[in-house]
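The structure appears below as structure tokens.
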Amino acid sequence: MGMLRNGGREFGGLWKQRKRSVLSFSTLETHHNHKWSIKQVTKSNFAETLEELKTLISSSHFVSVSLRQTGSYSAPWHKLLPFDTFNTAYFKAKFAAERFQLLQFAVCPFTLSSSKLVAHPYNFHLFPRDELKIGMPSYAFSCQSSYLTSMAQEGFDFNVCIYDGISYLSRAQESAAKDRLGSPKIFDDVIPPLSTSVADALFVERIKSRVKHWRNACRDLSTKTDEALLRSLRKLVLESKEYGSRPSMSIDVCSERQVQLTLQMLKEFFEDLVPLVIPTKGGGTQDVKVVLTSSKEDKSLFQRELKSLEDAQNKQVRGFRELIDLISTSQKPIISHNSLNDFAFIYSKFIGPLPPDVDDFTHSLRSIFPHILDINHLMKEIGPLKNINNLPAAISHLKRRFFLNMDVEIPQHGKGDGDTIHGRNVLTISHLFAKLCSLLKITPHSFQSNSIHLAPALGGFANTFLPFSANTNSTESNHGELRIWTGDTRKVGTENVIFLWGFRGGMSAVSLKNILSKSHQIFSEEFDVRLVGGSCATLVFWHPGLSAAFLEIMSCGGVGCEPLKEMTAEGLRAASYETYEQVCRLGLWEADLSDALDKAMENDVPFSETNAKALPSEINWSNDYVINLEDL
Amino acid sequence: MKNQWCLIRAFSKTLPLTQSNLSTRTLCSSTSSSSSSSFALKNVTKANFESALEDLRKHVTAADFVSIDLEMTGVTSAPWRETFEFDRYDVQYLKVKDSAEKFAVIQFGVCPFRYDSSKQSFIAHPHNFYVFPRQEFTVPGSSYEFLCQTSSIDFLAKYKFDFNVCIREGVSYLSRAQEDEALNRLSASYDDELSELWSCSEGIKDIPLVRIPDVLFFERMKNKISEWRDELLKDGGGGYQLHKTSSASKQQFQTIFFKMRPALSLIGFTSHQLRLIELVIKKHFKDLSYVRMNGEKLVVYTDSEHDRNELMKEVKSEHHKEEELKIKSAVGFRHVIDMLSSEKKLIVGHNCFLGTESFVFNRWHDFVTLYLSDSCLSDTDIAHIYSKFLHPLPVAVEDFVSSIHKHFPYIVDTKILLNYSDILRRLTNKSGTSLSSAFSVLCPHIASTVKSSGLASTPHMKVEVQVDDLRSSSWNSGAKHEAGYDAFMTGCVFSQACAHISIDFEQQSSSTKLANHAMLQKYMNLLYLSWTNGDIINVSTGNRNSVPLGHHVKRRYGEIIFSNIVLLWGLPPKLKVREIRDAISKVFGHHSVITIYHLDQTAVFIQFSKEEFVSRFLDLIHSLERNKDPISVLHPFSKLLEGGNARASGYEVYKEICGSSMSKVIFADQANAVGSEWKTKLVNSAAKPVQENELIKISDFVNVNARTKEEKSDVIDDHSCSNSCDVVFDSLYASSGSRFG
């Protein structure tokens, strides 16, 4: 176990003596080829690593995570845009998470003291292999070729993922899989039915006498020394089978209620019998199997056997998700960069299908991971970092601006892991977080590794998913607090935002604004235009109510006003922000935003229910004339 | 320590290919010929693509036929996209189209075969191209995306397909359509630029000079450049040098000639500095121009406005040419396809044309236990070739085949050959016609690892393999499911098959003759539309026919009449086929239903005995959906409609659903998503708030009844409840059960 300080040069032994040398974590970025001790985990060493991590996580202050996917967005406007509300941002994240696949999942439990970060980075390689041959976890997934190409340039090893990646099932898939695998279930607790009818009583009596008869016969069978033939004949008559080495019989049941009645009866009258519920492939109950044990010891032995069998199967079924469950039960705060996207992926791959509504998502997620901290959000607290949203830039900026003494210790997992650049990001995130904490004067003694409560100083940052909502220090990000653009911005209510498209391609925002201002008197009031990509624009009226008025004019084809009518005839279209939300909600992810808006207009259904729920929200209005989709 | 070891092992799996690559290359210099060897395939990546292409061109020109094989990232984008017997030919084409559009080709095997009469043997040149759709020249901003079917990727991984080589080194490509589009865009922007020659000087934005260092730099550059210009004008063509400057700046400014004009070459500036210099020129020097060319940045002197225009024109056209070259080079792997097309060679593939060799077994019950048969990754090849390298696939199969025929006039599918020829069918009778079994039966002398059965060895066609300078008559690369090797096997099977149907290669001299050989005409240009149904289409005539294929295909569902078919989806999850049949029999009589077939767990096809039942059934379902009065709950169909998600439609809607570019894993989801448009329209016209409330109430009522009904149905269904007494008691219970539910 050696100590690593800054760039992992410790390996050479050269830097050992130069303790407290100038500390710059940027070496992490520049020395890609250094042997960082990030443990690479594939299916062969997964089980033992999980054991290791169990203790590491429970003794850590934080767990940082970082993911690698097969793609991020398929058209430029599918990216998070400055005018996205939390709602639309969620739909975008959901769309990506449902289509793309996770290939790597890096996890780093770490502890923090005044000037020292002790980190345990692990990088898990994943592949959604159908280990159980039940068509799960993923039938097919999408890849973005440019994304894969740039990953390849970084030296990403696809073969390791695909050959030896760990598979998994989400919680939702697990319960479906168990039904499909048809493995017996043990029932410890029987819920007694509230009342029993005559039919119930008759059923129970009949089953009871059958079981009694069978059990007595079995006992006889084991004592008597019959001929083999005779024994097997008896068995045949009794419909007795063997479960492992123990005799068993099946009780046919016709409903879940009868299952409960049977279980209750068995528990009440037969101490030495262990009931097993055999499910059908469809998910219902096929029958109840009764297994006869020879003694109390034998019964508990059998139950233990069943338990360990179940555990082994669970392990196999859950695969990588065991780690997610581990992190979830530890209740440790999770540090992530781009938390909305990351957690949309985590949710959809390891929990279940993403809910159609953003509030359901945040509530459900909070019950699983109570504290999620987005590093982007913390960065917004530090003035100069406001406009930086990539990790290396943030690190180098911090390095230039502040002198922060931060040791990084990575207790090693052993040397010679070969190419271990994979999963570096998770270290960078941990380190950046440590620095930000020290800058924000969030003192280490406020974290307690055994506490499930978040340090109060960090509480304000938890569970804020959109990175650019720093203007408000509140945790309320659910509706509308949005993204800061470069420089100062004005806030604008979404009800004042209008989408325009169908104008001549290649027009600049300035010329569009000019044309519009001459087209109708409504434009004599203050308004602004921003292009979104080449074919679409957003229009804002600063005077409330004018947006609605303009939409009204547009829906009448601009009649009564020649220039606007002319433009409409040429193809100009306008829609409210609601239409944009609808585009995202309905998943009209066309390559071109204008096509998507057109489609949404085509089947414009009055969404009375959702409209009532959607609170008017605010977005920030950028100073730039063009929202350049390529640059975001 | 153990973990690391595992990891090293994992990483080392990437090595074999590179090693074998090396070994072939090193051995290239010495020509050797062995009787049985296992040298590697000719692997082609972007590093050796140019040379391999030239090499291949020679072999293709000389070849009698060329066999091909493709490896894809998947076959079906959803379980219900697999081939069903209930797929009409046009639906089948839509499924193939979906597959070709969604999945990527990642390996392409090309193997030219030439008959060498002096040796009385074929010479094969297997090439294995790694292909990866980098797609540099698609519409800017849009990113190319492809689908991976998890089971297919896993399958390839089992055969140690090297994904790293594919993604890092794979040869990229542009289809003809993409190339045309890129060139059009280029020429459009070229025209634009010419028309706005003055205004657009590369469209630099005015960078505000607010920072002191920028202002200083700006002034310094202004001085230096003006100094240089003054010197230039003073000398009148003499030695233009920047005097009085430090050696450092001498290195940064070098005077050269650019298109017969004096110019200053700018070296070693940052892009920000270059932008400032550009600004200097634009603001202060009317007779100087800032020019970017081949990565060089220049300040060029022009002596008049006219001269300047000329210069800009020249620069623009050179830019244009440069871009054009880039596009041409991005064509990449398509050059191979163009070559095969222009040479008009006989193309041979194995079951690779249209039909998906399906997994005929009861796919629904062990749904997804999708067993990959050995050639299942190599179907839909032609559709892939068309959509990746030529044009987007047309909507109608007729248009597709006629277009294919123009590009590839001679195509033979060995799978059809093996199934159609009586002699060959007898030979492959027991083993089936998958590629590897056909190979081991027909070419035991080539497949050295396979024991000779002695049965098929009557006519022997020798095949010699040549990879670079290595030759062997009994070659096994050990690389099954490498496209190059599969293409080789296909060609071997074809050459043996030809010998069996008595084609004498001695008499042949060129490939067109082989393609025109009378014995081959029966099999020429026939493609499977659906292997399951034996639907075949003749590419040259466009005729379709469905021929019973003897031993390989057995119809399980009798004759299928599509107009008698109804599609039903969104069924209650535990509904059994028998229950559906019973429900329908109660309404339409006992023999009304011919077949019920599950597409997946949420949807069924129902084939009625008469066409009139179709419309009656649909009307009934729709009216039950609309009027959910208490009486309708008693209708036998209410069992089908439990849960309120069930929808029914005729066969044409199924086609529409298959034609959608979406692919939801569950069929019911897909159908609803595709149908959402007309469904919402329907809601739009009918929805009044009051009605909606009523609907909700009634459906609640239906659900309550549904629950008791479910239990009852279990009783009837379960054979295990043999005791009639039980049934009585249990149904007693069931009727009282609702009290507890």
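First the proteins, then the strands, lettered A, B, ... as listed; each starts at 1.
A distance of 14.0 Å separates CH2 in A/Trp589 from CE in B/Met662, rounded to the nearest 0.5 Å. With rounding to the nearest 0.5 angstrom, the OG atom of A/Ser146 is 11.0 Å from the CZ atom of B/Arg134. If you take CD1 on B/Ile153 and SG on A/Cys161, they are separated by 12.5 Å, rounding to the nearest 0.5 Å. To the nearest 0.5 Å, atom OG1 of residue B/Thr150 and atom CZ of residue A/Phe141 are 5.0 Å apart. Separation of atoms OH (A/Tyr139) and OG (B/Ser77) is listed at 7.5 Å; rounding is to 0.5 Å.
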Evaluate the side-chain contact (heavy atoms from CB on, under 4.5 Å) criterion for residues B/Phe161 and A/Ile162: first the C-alpha distance (whole Å), next the side-chain angles of each, then the deciding distance (0.1 Å), finally the verdict. CA-CA 10 Å; B/Phe161 183 90; A/Ile162 297 168; over 6 Å; no
Going through the distances and angles, do A/Asp157 and B/Asn164 end up as a side-chain contact (heavy atoms from CB on, under 4.5 Å)? CA-CA 6 Å; A/Asp157 194 325; B/Asn164 285 339; 2.7 Å; yes
Go through B/Tyr144 and A/Gln144 one step at a time and tell me if the side-chain contact (heavy atoms from CB on, under 4.5 Å) criterion holds. CA-CA 6 Å; B/Tyr144 178 72; A/Gln144 208 177 316; over 6 Å; no
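Nearest heavy-atom pair across A/Leu148 and B/Ile167 is O-CG2, 3.7 Å. Across all non-hydrogen atoms, the minimal contact from B/Pro133 to A/Ser145 is O-OG, 2.9 Å. Shortest non-hydrogen contact noted between B/Ala157 and A/Tyr163 is CB-CD2, 3.5 Å.
Among A/Arg99, A/Gln101, A/Gln153, A/Glu98, the residue making the largest number of heavy-atom pairs under 4.5 Å with chain B is A/Arg99. Note: A/Cys143 leads A/Cys143, A/Gly71, A/Pro128 in heavy-atom pairs under 4.5 Å with chain B.
Around atom NZ of B/Lys664, no more than 12 heavy atoms belonging to other residues, nucleotides or ligands sit under 6.0 Å away.
Residues passing the side chain to side chain donor-acceptor pair (under 3.5 Å) test with B/Arg168, sequence neighbours excluded: none. For B/Glu169, the salt bridge (Lys or Arg N to Asp or Glu O under 4.0 Å) test picks out no residue, with sequence neighbours left out.
Neither the backbone nor the side chain of A/Tyr147 comes within less than 4.5 Å of any heavy atom in chain B. For A/Phe46, no part lies under 4.5 angstrom from a heavy atom of chain B.
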